[in-house]
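A short worksheet on the structure shown next.
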Amino acid sequence: MSSYAELLAQKKLLDEQIANARKAESEQALQTVLQLVQEFGFTAQQVFPWKPQPKKVAAKYRDPATGATWSGRGKPPQWIAGKDRTPFVIA
């Protein structure tokens with residue numbers, strides 16, 4: 001049976017080998033990806049699809065009783081529906 005110190009030395013050697021193998025394989029994978037992108041003319045959006053973050057609209061109206069807010073877009077909430085909106089405007 002191996003001693004604790006011997007096992008730690010083996011672990012350190014294995015960790016180094018793993019790091020070296022990962023680095024070599026990742027470099028090869030990156031070269032393959034770059035070659036395919038160049039060959040087929042892929043765009044960044046095709047390779048790494050993303051959606052732009054929706055822009056939040058600032059609230060324009062606030063209910064003084066509850067603190068609820070509304071941006072003025074879409075269906076008005078019950079607390080402002082059918083009323084004059086001037087008193088609810090956020091300054």
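With a 4.5 Å cut-off on side-chain heavy atoms, Phe48 and Phe42 do not count as touching. A 4.5 Å side-chain heavy-atom check between Val89 and Lys60 finds every atom pair outside the cut-off. Side-chain atoms of Tyr61 and Ile90, non-hydrogen and from C-beta on, never get closer than 4.5 Å to each other. Here the side chains of Ile80 and Arg85 are in contact, with some heavy-atom distance below 4.5 Å.
In this structure, the ring of Phe88 has its center no less than 6.0 angstrom from the ring center of Trp70.
The shortest heavy-atom contact between Ser2 and Gln10 is OG-NE2, 4.4 Å.
The distance from the CG atom of Leu14 to the CG atom of Leu7 is 10.5 Å, given to the nearest 0.5 Å. To the nearest 0.5 Å, the span separating CZ on Arg62 from OG1 on Thr69 amounts to 6.5 Å. The distance from atom CD of Glu27 to atom CZ of Arg22, rounded to the nearest 0.5 Å, is 12.0 Å. Separation of atoms CD (Gln45) and NZ (Lys51) is listed at 10.5 Å; rounding is to 0.5 Å.
In this structure a side-chain-to-backbone donor-acceptor pair under 3.5 Å is missing from Gln38 to Gln35. Judged by distance alone, with hydrogens and angles left aside, the side-chain atoms of Gln46 form a donor-acceptor pair with the main-chain N or O of Thr43 at under 3.5 Å.
Val47 and Phe40 fall within the same hydrophobic cluster, defined by Ile, Leu, Val, Met, Phe, Trp and Tyr side-chain heavy atoms under 4.5 Å apart, directly or through other members.
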